[in-house]
Amino acid sequence: MSLLTLTDVARAYTTRRGLLGRSTEVRAVDSISLNVTAGRTLGVVGESGCGKSTTGRLMLGLERPSEGSVLFEEQPMPAPGTTEWRALRKRMQLVFQDPLGAMDRRLTIAQQVEEPLIIHGIGTASERAERVAALLVDVGLRADQAARHPHELSGGQRQRAVLARALATDPALLVCDEPVSALDVSIQAQVVNMLTDLQAARGIAMVFISHDLKVVRQVSHSVAVMYLGRIVEQGDPEALFADPVHPYTRALVSAIPVPGPRRIPRIVLTGDPPNPADRPTGCAFHPRCPVAVARCAVEIPQLRTMDDGRDVACHLAEPQARMAA
Ligand code: SF4
């Protein structure tokens with residue numbers, strides 16, 4: 001069942017350059033359509049500035065789309081700050097990259113985890129205390145750590161506490177924005193395993209936003225690759241990582257460290273991602289694309305479904321035939 005559906009969603013901002021400068025429209029997200037299924041994980045990947053965090057905020061109703069629709073359980077997402085939206089918020093939670101920034105340094109870990117229960121009027125004081133204790137066990141924290149303050153825990157322990165708080169209201173949807181990027185590699189694996197175990201046990205839908213393709217591959221049931229606000233490739237992670245079709249996905253996948261010989265030769269992209277305020281014409285990837293043709297500079301490629309069911313936005317991607325590496 002589709003829990004969350006984004007259809008042709010765009011988010012535009014108006015910026016002004018200088019005091020007398022003309023205003024410019026910047027489209028952080030442009031024409032994206034996504035489905036998040038109950039109990040499954042959607043991975044969203046791309047370089048910094050590609051619009052993946054804005055997509056997460058649109059999914060939670062923290063941002064209103066400029067165009068298109070966001071449906072949660074087939075109902076339109078209420079406007080942020082309204083009573084309806086606040087009631088829905090307990091069913092949708094966000095986990096940030098920086099656990100220290102997401103926590104109140106004056107509160108103990110137990111108080112932080114209890115906070116959403118108080119906000120949403122859930123349980124009596126003793127029921128809440130019981131629930132907080134159970135949540136801390138679920139995320140692998142010890143009972144004595146409940147009375148500590150955020151700065152007294154390690155980064156991994158803080159992220160576990162943030163997760164306990166996100167799970168407190170029994171959400172149907174968890175949006176995790178770079179949840180392990182700030183952690184040591186050895187701790188990342190532990191937190192990712194815990195996240196996937198909890199998600200499977202509780203049947204939560206998860207959106208896992210990251211620039212780290214290796215982690216996204218590990219946790220996701222489907223993956224969307226974003227470039228400059230648009231989805232360029234989307235589908236089953238096994239097929240997408242084994243045989244990426246879009247030249248941008250090929251470059252990202254080719255950069256994943258692997259032991260032994262590579263299946264896909266390393267593709268080094270030249271140049272930085274373009275400025276969303278100065279978007280290239282046609283395919284936004286064309287100034288960096290190693291296989292661009294004349295048409296790419298003038299015509300925006302639309303997503304088309306390939307023979308294996310994945311969607312790809314590239315003029316050279318043919319449903320029945322793959323491009324040469
Ligand atoms: Fe490259 Fe053209 Fe495909 Fe864009 S449409 S990814 S520029 S080949």
Side-chain angles (χ1 to χ4, degrees), residues 6 8-12 25-34 42-55 67-68 209-214 216-217 220 222-256 262-325:
L6 275 65
D8 296 328
V9 166
R11 181 70 177 104
E25 187 187 74
V26 178
R27 292 172 88 81
V29 163
D30 196 11
S31 300
I32 63 166
S33 295
L34 288 167
L42 168 68
V44 181
V45 293
E47 291 162 295
S48 168
C50 71
K52 52 191 193 301
S53 291
T54 305
T55 302
E67 293 164 20
I209 298 169
S210 180
H211 68 281
D212 187 335
L213 276 78
K214 216 173 160 193
V216 168
R217 179 181 196 167
S220 304
S222 64
V223 173
V225 181
M226 291 188 71
Y227 188 80
L228 211 65
R230 285 180 162 247
I231 293 168
V232 296
E233 185 160 357
Q234 183 177 7
D236 172 73
E238 284 313 311
L240 188 144
F241 285 101
D243 184 19
V245 174
H246 194 282
Y248 178 60
T249 317
R250 292 190 75 81
L252 292 182
V253 171
S254 82
I256 299 175
R262 295 184 162 280
R263 262 198 82 240
I264 302 171
R266 179 86 163 91
I267 301 165
V268 180
L269 292 177
T270 52
D272 295 320
N275 180 352
D278 193 15
R279 194 186 176 86
T281 56
C283 174
F285 186 57
H286 86 261
R288 302 171 78 195
C289 181
V291 292
V293 294
R295 178 185 178 196
C296 302
V298 290
E299 195 182 324
I300 297 176
Q302 302 302 319
L303 280 172
R304 289 179 300 153
T305 303
M306 303 290 109
D307 52 357
D308 62 3
R310 86 182 91 169
D311 294 326
V312 180
C314 173
H315 295 311
L316 303 189
E318 292 302 332
Q320 303 292 329
R322 297 285 161 73
M323 289 174 294

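What you see is a predicted model; the values in this text were computed from it and never measured. Remember, it's 1-based here, ligands and their atoms both numbered in the order they're listed.
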Which word best sums up how the rings of F285 and Y227 line up, parallel for under 30°, tilted for 30 to 60°, or perpendicular for over 60°?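 Answer is perpendicular, since the angle exceeds 60°.
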Per-atom contacts, ligand 1 versus [X] - under 4.0 Å to a heavy atom:
| X | answer |
| --- | --- |
| H246 | 6 (S) |
| C289 | 1 (Fe), 6 (S), 7 (S), 8 (S) |
| L316 | 8 (S) |
| F285 | 6 (S) |
| H286 | 7 (S) |

Tell me whether C314 has at least one N, O or S atom under 2.8 Å from atom 3 (Fe) of ligand 1. yes
Is E233 reaching over with its side chain to a backbone N or O of L240, donor-acceptor style, under 3.5 angstrom?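 No, the answer is negative, given that no donor and acceptor are paired below the 3.5 Å cut-off.
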Treating T249 as the side-chain partner and P244 as the backbone partner, does any N or O pair qualify as donor plus acceptor under 3.5 Å? no
Please report the C-alpha distance between R217 and I256 in whole Å, then the side-chain angles of each, then the deciding distance to 0.1 Å, and finally whether the side-chain contact (heavy atoms from CB on, under 4.5 Å) criterion is met. CA-CA 11 Å; R217 179 181 196 167; I256 299 175; 5.6 Å; no
Could you verify whether a donor N or O on one side chain and an acceptor N or O on the other, from T305 and D311, lie under 3.5 Å apart? yes
With side-chain contact (heavy atoms from CB on, under 4.5 Å) as the criterion, how do R11 and V9 come out once you've worked through the C-alpha distance, each side chain's angles and the decisive distance to 0.1 Å? CA-CA 7 Å; R11 181 70 177 104; V9 166; 5.7 Å; no
Is the distance from atom 2 (Fe) of ligand 1 to the nearest N/O/S atom of C296 under 2.8 Å? yes
